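For reference, the structure discussed in these notes is given below.
Start at 1 with the first residue, then count along the sequence. Please read these numbers as outputs of a predicted model, since none were measured by experiment. For ligands, and for the atoms within them, numbers begin at 1 and follow the listed sequence.
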Amino acid sequence: MKVLVLNSGSSSLKFQLFEMPEEKVLVKGLAERIGEKIGKFKIGNYIIEKKLTNHASALELLTDYLLNPDNKIITSKDEIKIIGHRVVHGGDKFVQPTIITTEVKDKIKSLFSLAPLHNPANLTGIETAEKLFPKAIQIGIFDTAFHQSIPQEYHQYAIPEKFYKEGIRKYGFHGISHQYVSAKTNEILGKQDTKLITLHLGNGASACAVLNGKSLDTSMGFGPMNGLIMGTRSGDLDQSIIFYLMDKMNYSSSEIQQILNKQSGMTALGGSNDLRDIEKQANSGSKKAELALKMYANAIKKYIGDYTAKLNGLDALVFTAGIGENSSLIRQLATDNMEYFGIAIDKNKNLKPYDYKGDITNKNSKVKVFVIPTNEELEIAKQSFELILDLKKNGL
Ligand code: ADP
């Protein structure tokens, strides 16, 4: 069965077409700069550069490509039975994969204020796909859903209760990725009752404590700015700084948003949001870059400590996403001097993790340390496909 996965951003659309349950990728690509003068549509070497007025223009190019007889992918749009959409914010309304209905779309809309950059784009993607693939079942997979298992003692903030009742609480993000890598880790460990910490280190970054396959706590909260230090986001910060910036330095709330979201993190510390640049500078002797890397790793350590305490132990520590999968230096810095926690990596394996099937554990380490590539699109395809299988099994 063919399952199309769509991840719609405000000016981008990432897509993958899978044959399920074989998990075979038939097509993978993206459209960028939607709405700008010249957009770009790319599937491997097949590249079109022209104005993409909206998400529909991008999806039309995709359907043309899929239907082109030379590409031998589909002969009719009806062959695509399921479309799985990544939806960033599901609030506390969505705990699992959900078939899109008018009511579901209204709920996604009601969450616009919690995810103003993401949810409107996600909904546009859904509405466009509904028009272009009217026979397909549209399914929403929510980035917050995995974290709905976080108990109140870890998801409530210590502020007046009326705000909690208004929905001000920890939601957490990157749930699809944490779920995917934690399930993979349990497969490797050969058991489900495990204590894990998963570290999704991409442009955005978050840590997650996973107990018996369920999220117990995560480092992002009400929004995606706190927790670990990220490419352009500050991570954890003392709230009084915000009031100082406002009251003493006359910054407006939107300027502070911009500073904490776009001008902070590694961009502020090391002059680039790309960790490769900072590693290069550190290699050429830059003390500033060295400090930036240490601070990045320290933020990770803080959460390893926090979550090991909450889990009361640890079976495995898992690195994933752009930085987690590729930066041996960050993996080394984040696990240095952690013998007390029973964590030690093998320095050689860490340099070539995939030669060791992602297992970079030192032979003296109590805790396993893995590098596991994340695959959010495959997770979306799997969850969407399984939902339909379940519904069929139950005769619905
Ligand atoms: P996104 O959050 O946008 O999905 P990714 O998970 O693709 O991001 O991570 C992107 C980041 O990964 C880049 O900004 C870069 O800092 C980092 N990265 C990618 N490759 C390497 C590498 N070889 N060494 C260090 N960092 C890398």
Side-chain angles (χ1 to χ4, degrees), residues 5-16 28-33 42 86-88 115 117-118 121-122 141 143-144 172-181 184 198-208 218-220 223-235 261-284 286 289-290 292-297 299-300 318-335 345 350-355 358 360 371-380:
V5 172
L6 297 181
N7 183 354
S8 314
S10 53
S11 64
S12 69
L13 177 73
K14 290 188 197 145
F15 49 83
Q16 277 194 46
K28 177 180 174 174
L30 83 165
E32 296 173 293
R33 302 197 292 270
K42 184 172 183 299
R86 174 175 182 228
V87 183
V88 166
L117 296 178
H118 295 101
N122 300 155
I141 308 292
D143 232 353
T144 46
F173 300 91
H174 296 137
I176 299 167
S177 176
H178 288 297
Q179 188 169 7
Y180 177 81
V181 295
K184 279 264 159 209
T198 51
L199 298 164
H200 177 104
L201 311 176
N203 277 319
S206 65
C208 185
T218 193
S219 59
M220 283 178 171
M225 255 195 267
N226 66 314
L228 304 178
I229 293 176
M230 308 179 212
T232 62
R233 292 175 236 165
S234 64
N261 233 334
K262 301 273 180 214
Q263 298 163 15
S264 296
M266 297 310 264
T267 300
L269 296 174
S272 168
N273 70 332
D274 194 319
L275 199 89
R276 284 164 287 201
D277 296 337
I278 301 179
E279 287 191 6
K280 244 185 245 156
Q281 291 165 32
N283 281 335
S284 338
S286 159
E290 215 174 277
L293 292 168
K294 262 199 193 133
M295 288 173 69
Y296 187 94
I300 297 173
V318 184
F319 287 90
T320 195
I323 294 169
E325 291 165 31
N326 295 299
S327 173
S328 48
L329 179 62
I330 286 298
R331 292 192 299 261
Q332 186 211 307
L333 292 173
T335 52
I345 58 169
N350 182 40
L351 293 175
K352 299 178 278 178
Y354 298 115
D355 288 357
I360 58 168
V371 178
I372 298 183
T374 193
N375 195 338
E376 288 158 295
E377 287 76 15
L378 175 58
E379 182 66 27
I380 293 171

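- Remark: minimum distance from atom 23 (N) of ligand 1 to any protein heavy atom is reached at Asn326 CB, 3.4 Å.
- Considering only heavy atoms from C-beta on, Thr232 stays 4.5 Å or farther from Gln263 through its side chain.
- Counting heavy atoms from C-beta outward, Tyr180 and Ile380 have side chains that stay 4.5 Å or more apart.
- At a threshold of 4.5 Å between non-hydrogen side-chain atoms, the residues Met225 and Asn261 count as touching.
- For ligand 1, none of its N or O atoms has an N or O atom of Ala321 under 3.5 Å away.
- Each of the following atoms of ligand 1 lies closer than 4.0 Å to a heavy atom of Leu275: 15 (C), 16 (O), 26 (N).
- Assignment of Gly204 to the shell around ligand 1 is supported, since a heavy atom sits closer than 4.0 Å.
- Without hydrogens or angle criteria, Thr320 side chain to Thr374 main chain gives a donor-acceptor distance under 3.5 Å.
- The protein reaches atom 2 (O) of ligand 1 closely, with a heavy atom under 4.0 angstrom from it.
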Exercise. Show your reasoning for whether side-chain hydrogen bond (donor to acceptor under 3.5 Å, both in side chains) applies to Glu32 and Ser11.
Key: CA-CA 6 Å; Glu32 296 173 293; Ser11 64; over 6 Å; no

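- Side-chain atoms of Arg86 never come within 3.5 Å of backbone atoms of Leu6 as a donor-acceptor pair (strictly under, hydrogens ignored).
- Protein heavy atom at the shortest distance from atom 15 (C) of ligand 1 is Asp274 OD1, 3.3 Å.
- In terms of N/O distances under 3.5 Å, ligand 1 is approached by Asn203.
- Here the protein heavy atom with the shortest distance to atom 25 (C) of ligand 1 is Arg276 CG, 3.6 Å.
- In terms of polar-atom proximity, Gly202 is not counted as a contact of ligand 1, lacking any N or O under 3.5 Å from an N or O of the ligand.
- Here the side chain of Ser272 pairs no donor or acceptor atom with the backbone of Ile278 at under 3.5 angstrom.
- Remark: minimum distance from atom 4 (O) of ligand 1 to any protein heavy atom is reached at Lys14 NZ, 5.0 Å.
- A donor-acceptor pair under 3.5 Å is formed between the side chain of Arg331 and the backbone N or O of Gly324.
- No side-chain heavy atom of Ile141 sits less than 4.5 Å from a side-chain heavy atom of Val87.
- Relative to atom 17 (C) of ligand 1, the option among Thr320, Ile323, Leu201 with the closest non-hydrogen atom is Ile323.
- Contacts of Asn273 with ligand 1, taken as heavy-atom pairs under 4.0 Å, involve the backbone alone.
- Of the listed residues (Gly324, Gly9, Gly322), the one carrying the non-hydrogen atom nearest atom 9 (O) of ligand 1 is Gly322.
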